[in-house]
Amino acid sequence: MKIALGTVQFGLDYGVANESGRVSPAEVERIFARAKDCKMFTVDTAYAYGESERVLGHYGLDEGKWQIVTKIPCFPDTELDANAVSHFFNESMSRLQIESLYGLLIHDADALLSVKGACAYQQLERLREQGLVKKIGASIYTSAQLNSLLENYQLDLVQLPLNVLDQRLLQTGDLDKLKDHGIEIHVRSAFLQGLLLMPADKIPDYFSRHRWIFEQFQTCREKLELSALEACIGFVQSLPQVDKVVVGVNSLEQFEEIIATRDVHFEPEQFSEMAMDDASLLDPSQWPL
């Protein structure tokens, strides 16, 4: 199963389409119980996701079953080096209340390409050698970042943005390159922070000049008799290079809808004409919302 449970909404009021705020502890428990029933054991979190790691630690995750991936933060006032990696790793383990991780990523790949990036990477390697982490890697945004990382480091796991509008790393052949290196691929932003699931009349005015592409997306998916959710998840999980699709939810009801799409597959090429290359649309960090 390719679906992995994203948990940013467990710790922060996150997402352009999120109208309900942080997920309540009771709802988190129901979501995890359902994930366990469905054998969906991969969980994505991060130190920078507010209370997310603590929420997971409170729930109590059995390390024998759950594959937990977290990320070392890259705060502006913190220099990423071996000491920082060690510090934030220990903090995350304390919050999560576990003894080992499936994956440990650097949250901003540029930090690994900085002056002390090699020292930070060496600390990641030490944690892997000690058996505290199974796979090490980075969260990337661009093809240039990825190529620089592959020239300097041996990574096990990479998280990257990919959706029906943002097909840049697919079109550049970077997904194939990652698989050629034996690197596990986790996809984020399958819904573009929920924007692709929003009704046309709910889309913020900032995106008015892109309204045509949302209308085209609706026309395309309706022709294939797919809901917006089915189109978004089906597109990424139909790509053979993708190992996991990280999806965040605000409620058990939303999670049930996502579970219902786990077997949706089609030829991704049917959405090839949807590909965009406008960072003001594809990069949520540029949205003035």
Side-chain angles (χ1 to χ4, degrees), residues 1-15 18 20-75 84-108 124 127-128 130-139 156-159 184 186-191 193-194 243-256 258-259 262:
M1 182 180 298
K2 288 192 175 183
I3 295 175
L5 183 58
T7 64
V8 62
Q9 290 97 329
F10 296 176
L12 294 171
D13 183 354
Y14 175 85
N18 182 5
S20 57
R22 280 180 54 186
V23 183
S24 71
E27 195 73 354
V28 169
E29 188 165 352
R30 286 190 286 267
I31 290 168
F32 270 111
R34 186 71 176 108
K36 190 173 183 179
D37 288 342
C38 297
K39 296 181 171 56
M40 294 170 56
F41 292 121
T42 304
V43 179
D44 179 84
T45 187
Y47 184 93
Y49 291 171
E51 295 297 304
S52 176
E53 289 182 329
R54 288 192 177 92
V55 169
L56 300 185
H58 177 75
Y59 176 77
L61 299 178
D62 179 357
E63 294 174 63
K65 290 185 176 180
W66 299 95
Q67 296 182 332
I68 305 168
V69 178
T70 194
K71 308 173 194 75
I72 299 294
C74 303
F75 297 127
V85 169
S86 181
H87 168 75
F88 286 115
F89 169 76
N90 290 330
E91 285 287 306
S92 288
M93 300 303 277
S94 176
R95 292 174 168 196
L96 290 163
Q97 298 184 43
I98 57 176
E99 295 182 357
S100 64
L101 286 169
Y102 179 77
L104 182 62
L105 310 181
I106 300 299
H107 212 147
D108 183 351
L124 291 177
L127 292 172
R128 183 177 58 188
Q130 293 167 9
L132 297 173
V133 177
K134 183 174 182 180
K135 297 194 175 189
I136 60 174
S139 177
D156 306 311
L157 175 61
V158 163
Q159 188 182 103
E184 187 171 331
H186 289 197
V187 166
R188 65 175 184 275
S189 199
F191 309 140
Q193 275 204 17
D243 295 291
K244 293 293 180 181
V245 183
V246 179
V247 292
V249 297
N250 296 322
S251 66
L252 178 59
E253 181 182 2
Q254 283 186 359
F255 192 43
E256 293 287 3
I258 287 169
I259 291 170
R262 60 186 170 181

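Position 1 is the first residue of the sequence, and the numbers go up from there.
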Determine whether a donor-acceptor pair (N or O, by modelled atom type, separation under 3.5 Å) exists between the side chain of Ser92 and the backbone of Phe88.
yes
Lys65 versus Lys36: any side-chain heavy-atom pair under 4.5 Å?
yes
Does the side chain to side chain contact (heavy atoms under 4.5 Å, CB included) test come out yes or no for Val158 and Leu105, once each step is laid out?
CA-CA 8 Å; Val158 163; Leu105 310 181; over 6 Å; no
Results of salt bridge (Lys or Arg N to Asp or Glu O under 4.0 Å) for Lys2 - residues two or more places apart only
none
Return the set of residues passing salt bridge (Lys or Arg N to Asp or Glu O under 4.0 Å) with Glu256 (not counting sequence neighbours), or none when no residue passes.
Arg34
Mind checking side chain to side chain contact (heavy atoms under 4.5 Å, CB included) for Ser24 and listing every partner two or more places apart, or none if nothing turns up?
Ala26, Glu27
Identify the heavy atoms of Trp66 and Ala35 that sit nearest to each other, and give their distance.
CH2-CB, 4.1 Å
Atom NE2 in His58, atom CD in Glu53: separation rounded to 0.5 Å?
16.0 Å
Apply side chain to side chain contact (heavy atoms under 4.5 Å, CB included) to Ile136 and Leu127, showing your working.
CA-CA 9 Å; Ile136 60 174; Leu127 292 172; 5.9 Å; no
Are Val247 and Ile3 packed together at the side-chain level, in the sense that at least one heavy-atom pair is separated by less than 4.5 angstrom?
yes
Under the rule for ring pair (Phe, Tyr, Trp, His ring centres under 6.0 Å), what residues qualify as partners of Phe89, not counting sequence neighbours?
none
By side chain to side chain donor-acceptor pair (under 3.5 Å) - contacts of Ser52 (at least two apart):
Thr7, Thr45
How long is the straight-line distance from CD of Glu253 back to CZ of Arg30, given to the nearest 0.5 Å?
12.0 Å
Using the side chain to side chain contact (heavy atoms under 4.5 Å, CB included) criterion, which residues pair with Arg54? Sequence neighbours excluded.
Glu51, Arg95
To the closest 0.5 Å, what do you measure between CD1 (Ile106) and CD (Gln159)?
13.0 Å
The salt bridge (Lys or Arg N to Asp or Glu O under 4.0 Å) partners of Asp156 (sequence neighbours excluded) come to Arg128
Provide the closest heavy-atom pair for Ala48 versus Leu12 in the form atom of the first, atom of the second, distance.
O-CD1, 3.8 Å
So, for Ala46 and His107, which heavy atoms are closest and what is the spacing to 0.1 Å?
CB-CE1, 3.6 Å
Closest approach of Phe32 to Val43 (non-hydrogen atoms, all atoms of both residues):
CE2-CG2, 3.8 Å
Output every pair passing salt bridge (charged side-chain N to carboxylate O under 4.0 Å, His left out) with a member in residues 243-252, not counting sequence neighbours, ordered by first then second residue.
Lys179-Asp243
Those residues at least two apart in sequence (or on a different chain) that pass ring pair (Phe, Tyr, Trp, His ring centres under 6.0 Å) with Phe255 are none
Partners of Glu91 by side chain to side chain donor-acceptor pair (under 3.5 Å), sequence neighbours excluded?
none
Ile31 side chain reached by Leu5 side chain, heavy atoms, under 4.5 Å:
yes
Quick one: do Lys71 and Asp44 make a salt bridge, cutoff under 4.0 Å?
yes
Closest heavy-atom pair and its distance - Pro73, Tyr47:
CG-CD2, 3.5 Å
Run the side chain to side chain contact (heavy atoms under 4.5 Å, CB included) check on Ile68 and Leu96 step by step: do they pass?
CA-CA 9 Å; Ile68 305 168; Leu96 290 163; 4.2 Å; yes
Tell me the closest heavy-atom pair linking Ile259 and Cys38, and the distance in Å.
CD1-SG, 3.7 Å
Listed partners of Arg262 passing side chain to side chain donor-acceptor pair (under 3.5 Å), at least two apart:
none
Side chain to side chain contact (heavy atoms under 4.5 Å, CB included) evaluation trace for Leu104 with Val69
CA-CA 6 Å; Leu104 182 62; Val69 178; over 6 Å; no
Roughly how far, to the nearest 0.5 Å, is CD of Glu184 from CG of Leu157?
5.0 Å
A side-chain contact here means heavy atoms from C-beta on lying under 4.5 Å apart; do Glu29 and Tyr59 qualify?
yes
Measure the shortest side-chain to side-chain distance between Thr42 and His186 over non-hydrogen atoms and say whether it is less than 4.5 angstrom.
yes
Taking only residues two or more places apart in sequence or in another chain, which ones pass ring pair (Phe, Tyr, Trp, His ring centres under 6.0 Å) with Tyr102?
none
